[in-house]
Amino acid sequence: MIDNDWRLDRIGSARRGQNPTVLRRLDAGFAAIGDRQFLPGYSVLLADDPAVTRLSDLPPARRTAYLTDLERFAEAVERACARLDPAFRRVNIEILGNTDPYLHAHIWPRYDWEPADLVRMPVWLYRDAEYWRGDRHALAPRHDPIRAAITEELDRLTG
């Protein structure tokens, strides 16, 4: 399991180079692989300023940069997941902020192999605690193939 200290300050630890989930620094944020991988490739775009709590806090140019980062990151996740799993369907993108107050966007890959009662529903309906807190879906070591594939696609799309 990954050391939990960085989770107390995800953006600050990303800025210090101490957040092990960060795949790459983008123009307006940090592309990070998600802590939970019950849907392989789940990722999060962290804004680069923890004081920014919502998209509308950003001035127009920074807002555009963040949304451009999000579009490119989501495409990288999509390409990587499609390459690694023929059952890949699509990605869902969400900006919520109900639990963590800083601006961040979730990128959720969706697959045909998901349970029939959940595949067309929001991921938040995955209710079993094992999905969210158990060891089975905890983030894998840095050599994880999905992490490598997303990083490779990010490199292609962002240069």
Side-chain angles (χ1 to χ4, degrees), residues 1-7 10-11 13-15 17-48 55 64-100 102-159:
M1 189 76 167
I2 296 172
D3 177 28
N4 287 331
D5 292 344
W6 60 270
R7 293 181 189 191
R10 290 177 188 268
I11 296 171
S13 63
R15 291 168 110 177
Q18 298 171 337
N19 183 329
T21 66
V22 171
L23 303 173
R24 148 163 223 202
R25 175 74 161 97
L26 300 175
D27 291 336
F30 297 93
I33 191 86
D35 297 8
R36 310 303 303 163
Q37 289 292 305
F38 60 90
L39 295 171
Y42 164 58
S43 298
V44 179
L45 178 62
L46 301 168
D48 58 8
L55 194 58
T64 298
Y66 183 83
L67 291 171
T68 298
D69 285 351
L70 180 56
E71 179 274 325
R72 288 180 182 155
F73 189 20
E75 184 175 350
V77 170
E78 182 177 309
R79 287 180 180 192
C81 292
R83 182 165 31 111
L84 295 176
D85 190 336
F88 171 76
R89 294 172 63 112
R90 64 180 304 113
V91 295
N92 294 153
I93 302 168
E94 299 177 310
I95 298 177
L96 301 170
N98 298 325
T99 302
D100 296 315
Y102 49 84
L103 176 61
H104 62 288
H106 301 269
I107 301 168
W108 289 103
R110 302 306 298 263
Y111 298 91
D112 287 332
W113 49 254
E114 291 180 62
D117 61 328
L118 295 173
V119 71
R120 289 181 169 75
M121 305 300 287
V123 296
W124 310 109
L125 295 180
Y126 276 82
R127 301 250 186 242
D128 187 340
E130 175 59 33
Y131 291 119
W132 302 101
R133 291 182 290 286
D135 290 338
R136 181 173 174 215
H137 300 291
L139 183 60
R142 289 191 181 267
H143 64 274
D144 180 30
I146 193 74
R147 180 193 305 253
I150 293 170
T151 301
E152 182 180 307
E153 293 297 340
L154 266 174
D155 289 346
R156 283 188 188 136
L157 291 168
T158 62

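Residues forming a side-chain hydrogen bond (donor to acceptor under 3.5 Å, both in side chains) with Asp155 (at least two apart in sequence, or on another chain): Arg24. In terms of the salt bridge (Lys or Arg N to Asp or Glu O under 4.0 Å) criterion, Arg15 has no residue partners (sequence neighbours excluded). With sequence neighbours excluded, the residues satisfying salt bridge (Lys or Arg N to Asp or Glu O under 4.0 Å) with Arg83 are Glu152, Glu153. Every residue meeting the salt bridge (Lys or Arg N to Asp or Glu O under 4.0 Å) condition with Arg25, not counting sequence neighbours, appears here in chain and number order: Asp48. Partners of Asp85 according to the salt bridge (Lys or Arg N to Asp or Glu O under 4.0 Å) rule, which considers only residues two or more places apart in sequence or in another chain, do not exist here.
The main-chain N or O of Arg90 is never found under 3.5 Å from a side-chain atom of Glu78 such that the two would form a donor-acceptor pair. A side-chain donor-acceptor contact under 3.5 Å links Tyr111 to the backbone of Pro40.
Side-chain contact between Val123 and Asn92 is absent, with no heavy-atom pair separated by less than 4.5 Å. Between Arg110 and Val91 there is no side-chain heavy-atom pair separated by less than 4.5 Å. The shortest side-chain heavy-atom distance between His104 and Leu45 does not fall under the 4.5 Å cut-off. Counting heavy atoms from C-beta on, the side chains of Leu67 and Leu55 come closer than 4.5 Å. Considering only heavy atoms from C-beta on, Asn19 comes within 4.5 Å of Leu46 through its side chain. In this structure the side chain of Val44 never reaches within 4.5 angstrom of the side chain of Phe30, judged on heavy atoms. Taking the side chain as every heavy atom from C-beta outward, Trp124 and Trp132 approach each other to under 4.5 Å.
From Ile33, atom CD1 reaches atom OH of Tyr42 across 10.0 Å, with rounding to the nearest 0.5 Å. Distance check: Leu118 CG to Asp128 CG gives 10.5 Å after rounding to the nearest 0.5 Å. Taking CG of Leu70 as the start and CD1 of Ile93 as the end, the distance is 5.0 Å to the nearest 0.5 Å. Taken from CZ in Arg89 to SG in Cys81, the straight-line distance is 14.0 Å, to the nearest 0.5 Å. For the atom pair Gln37 CD and Arg147 CZ, the distance stands at 8.5 Å (nearest 0.5 Å). Here the CZ-CG distance, from Arg7 to Asp5, works out to 10.5 Å after rounding to the nearest 0.5 Å.
Between Leu154 and Ala76, the closest heavy-atom pair is N-CB, 3.6 Å. Pro109 and Gly41 make their closest contact through CG-C, 3.5 Å (heavy atoms, listed as atom of the first residue, atom of the second, distance). Nearest heavy-atom pair across Leu84 and Pro145 is CD1-O, 3.9 Å. Residue Phe38 comes nearest to Tyr131 through the heavy atom pair CD2-O, 3.2 Å, listed as atom of the first residue, atom of the second, then distance.
Taking the six-membered ring for Trp and thresholds of 30 and 60 degrees, Trp108 and His106 have nearly parallel ring planes, at less than 30 degrees apart.
Each side chain to side chain donor-acceptor pair (under 3.5 Å) pair with one or both residues in residues 66-76, not counting sequence neighbours, appears once here: Glu75-Arg79.
Tested against Asp35, the residues Arg10, His137, Arg133 include a single side chain to side chain donor-acceptor pair (under 3.5 Å) partner, Arg10.
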